[in-house]
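Just so you know, these numbers use all the heavy atoms, side chains as well, and skip hydrogens, waters and symmetry mates. Whatever order the structure lists them in is the order used to number ligands and atoms, beginning at 1.
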Amino acid sequence: MEKTIERLAGDSDGVAYEFPVYRFKGSDAKAPTAYLQAALHAGELPGMVAIDALMPLLTKAEAEGRINGSISVVPWANPVGRAQYVFGELEGRFHLPNRVNFNRDFPLIDKPDVSLLPDEGDLSTIDQRLKARLLRLSVGHDIVLDLHCDDESTAYLYVPAVLWPAMQDCAAAMGVEAVLLWEGESGAAFEEASLQPHLASGKERLESLVVTTVEYRGIADVDGATAEADAAGLYRLLVARGVITDTTVTKPGRFEGVVAPLENIDMLPAPKAGAVLYDTKPGDWVKRGDRLATIVHTPGEPGGRTEIFAPQDGYILTRRSHRITRKGDDLVKLVGSKRSDDARAGALEA
Ligand SMILES: [Zn+2]
């Protein structure tokens with residue numbers, strides 16, 4: 001394993017950012033290659049600790065000569081967001097000076113060729129240079145995994161519809177509960193920027209690609225046992241796709257979890273501001289008309305509560321981690337079996 005340090009100049013003199021990259025060299029130039037990154041939204045750590053638990057497995061595979069395709073690992077993808085504390089709270093999702101989401105506005109290129117990426121010297125802000133750098137590290141790999149997490153959630157994947165069902169083995173290997181299929185534009189999220197060069201060039205065999213945003217449960221699901229289980233899932237995926245050889249790992253079966261297009265999701269915006277009393281939690285199945293939550297908006301007064309009911313049968317994928325809400329804030333992701341009346345255009349929420 002080789003460790004290198006990526007360095008990015010900040011937007012003012014005397015400020016620079018660094019993050020490490022770990023590379024395991026493959027023995028077979030024809031084998032699929034993999035790139036894993038975590039904490040692009042800087043405070044989302046389940047993927048980072050999963051990578052920490054994965055590294056000994058990779059190191060062992062390397063020592064035993066079982067790594068076929070090269071693997072690049074970036075456990076801390078966002079040193080810029082990681083430094084953004086505001087009144088004691090980490091703001092790792094948006095770049096504070098320009099309010100741009102760290103997982104949007106990646107450069108889109110038409111071929112898997114890093115020479116097509118913009119010259120970092122021409123990019124005016126550090127978040128843009130970071131995005132160009134992450135693509136410079138990832139473009140060209142057959143498997144690109146971007147590890148995130150939701151608020152409170154079961155484990156799920158965003159997968160480009162064009163890669164499904166070819167990626168079914170990956171979802172099964174990772175042991176996630178659900179897969180959300182997206183198509184069209186996502187505001188140039190990292191996942192879209194990783195897929196675009198292959199789609200646009202039209203030459204690649206898409207079924208050999210793996211591109212996904214992994215939502216490793218909720219923001220507080222950072223613990224040793226879960227990290228070990230997620231690392232085992234990532235390892236199974238790498239074995240299933242031939243990046244690593246390991247005869248002790250069984251082939252993943254069919255994916256038996258929830259699969260739905262993004263348009264089937266109901267987000268249930270809060271009708272009032274107040275405190276949220278949830279009746280459901282991630283992983284629950286609900287029927288149309290079941291109460292999902294109650295908003296306490298005028299405490300102590302008759303009519304001071306407003307109830308929210310399921311608009312269709314479905315699976316509760318996520319809910320918010322905070323219990324105070326503004327009017328209009330989305331409260332859950334309910335995955336239904338048909339198009340939601342509240343279906344939203346385009347983007348991933350990742
Ligand atoms: Zn995220």
Side-chain angles (χ1 to χ4, degrees), residues 17 19 35-52 54 73-86 89-96 98-106 126-128 130-131 133-135 137-138 144-160 171 174 176-182 185-195 210-223 226-227 230 233-234 262 265 267 282 317-322 329-333 335 344 346-350:
Y17 298 89
F19 61 96
Y35 172 88
L36 288 77
Q37 77 175 22
L40 176 58
H41 288 141
E44 299 178 359
L45 301 185
M48 187 276 275
V49 296
I51 284 179
D52 178 62
L54 175 67
V73 184
V74 178
W76 284 116
N78 186 354
V80 182
R82 207 178 151 191
Q84 293 187 154
Y85 276 84
V86 184
E89 297 282 335
L90 180 69
E91 173 47 67
R93 188 172 183 82
F94 296 92
H95 185 223
L96 287 175
N98 59 10
R99 306 183 194 179
V100 175
N101 189 320
F102 281 112
N103 194 19
R104 294 291 184 278
D105 291 357
F106 274 81
I126 178 62
D127 58 320
Q128 295 171 335
L130 173 66
K131 291 166 190 175
R133 183 70 61 91
L134 292 172
L135 285 180
L137 294 168
S138 62
V144 176
L145 307 178
D146 188 18
L147 311 183
H148 289 246
C149 67
D150 208 298
D151 264 23
E152 290 183 14
S153 178
T154 54
Y156 69 100
L157 306 179
Y158 287 102
V159 172
M174 294 174 81
V176 298
E177 265 85 24
V179 171
L180 302 183
L181 303 177
W182 65 275
E185 291 175 5
S186 69
F190 178 77
E191 179 176 345
E192 182 184 352
S194 301
L195 178 69
V210 174
V211 177
T212 178
T213 306
V214 181
E215 298 287 350
Y216 267 145
R217 307 176 191 79
I219 190 96
D221 293 325
V222 182
D223 65 80
T226 309
D230 288 340
L234 291 167
L262 284 185
I265 294 182
M267 306 274 274
L317 185 64
T318 75
R319 68 181 188 186
R320 304 312 294 264
S321 51
H322 53 248
D329 283 348
D330 296 323
L331 296 179
V332 300
K333 288 191 193 79
V335 185
R344 318 227 178 138
L348 308 177
E349 226 212 359

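Of the charged side-chain nitrogens involved, at least one lies within less than 4.0 Å of a carboxylate oxygen, so that R344 and D330 count as a salt-bridged pair. Taking a cutoff of 4.0 Å between a charged side-chain nitrogen and a carboxylate oxygen, E44 and R93 qualify as a salt bridge.
For the Zn ion (ligand 1), protein N/O/S neighbours under 2.8 Å (waters excluded) are H41 ND1, E44 OE1, E44 OE2, H148 ND1.
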From CA spacing to verdict: side-chain contact (heavy atoms from CB on, under 4.5 Å), R104, F190: CA-CA 7 Å; R104 294 291 184 278; F190 178 77; over 6 Å; no

Trace of the ring-ring contact (aromatic ring centres under 6.0 Å, His included) decision for F102 with H41: CA-CA 6 Å; F102 281 112; H41 288 141; 7.5 Å; no

Derivation and outcome, side-chain contact (heavy atoms from CB on, under 4.5 Å), residues E152 and S321: CA-CA 6 Å; E152 290 183 14; S321 51; 4.1 Å; yes

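Every residue meeting the salt bridge (Lys or Arg N to Asp or Glu O under 4.0 Å) condition with R320, not counting sequence neighbours, appears here in chain and number order: D151.
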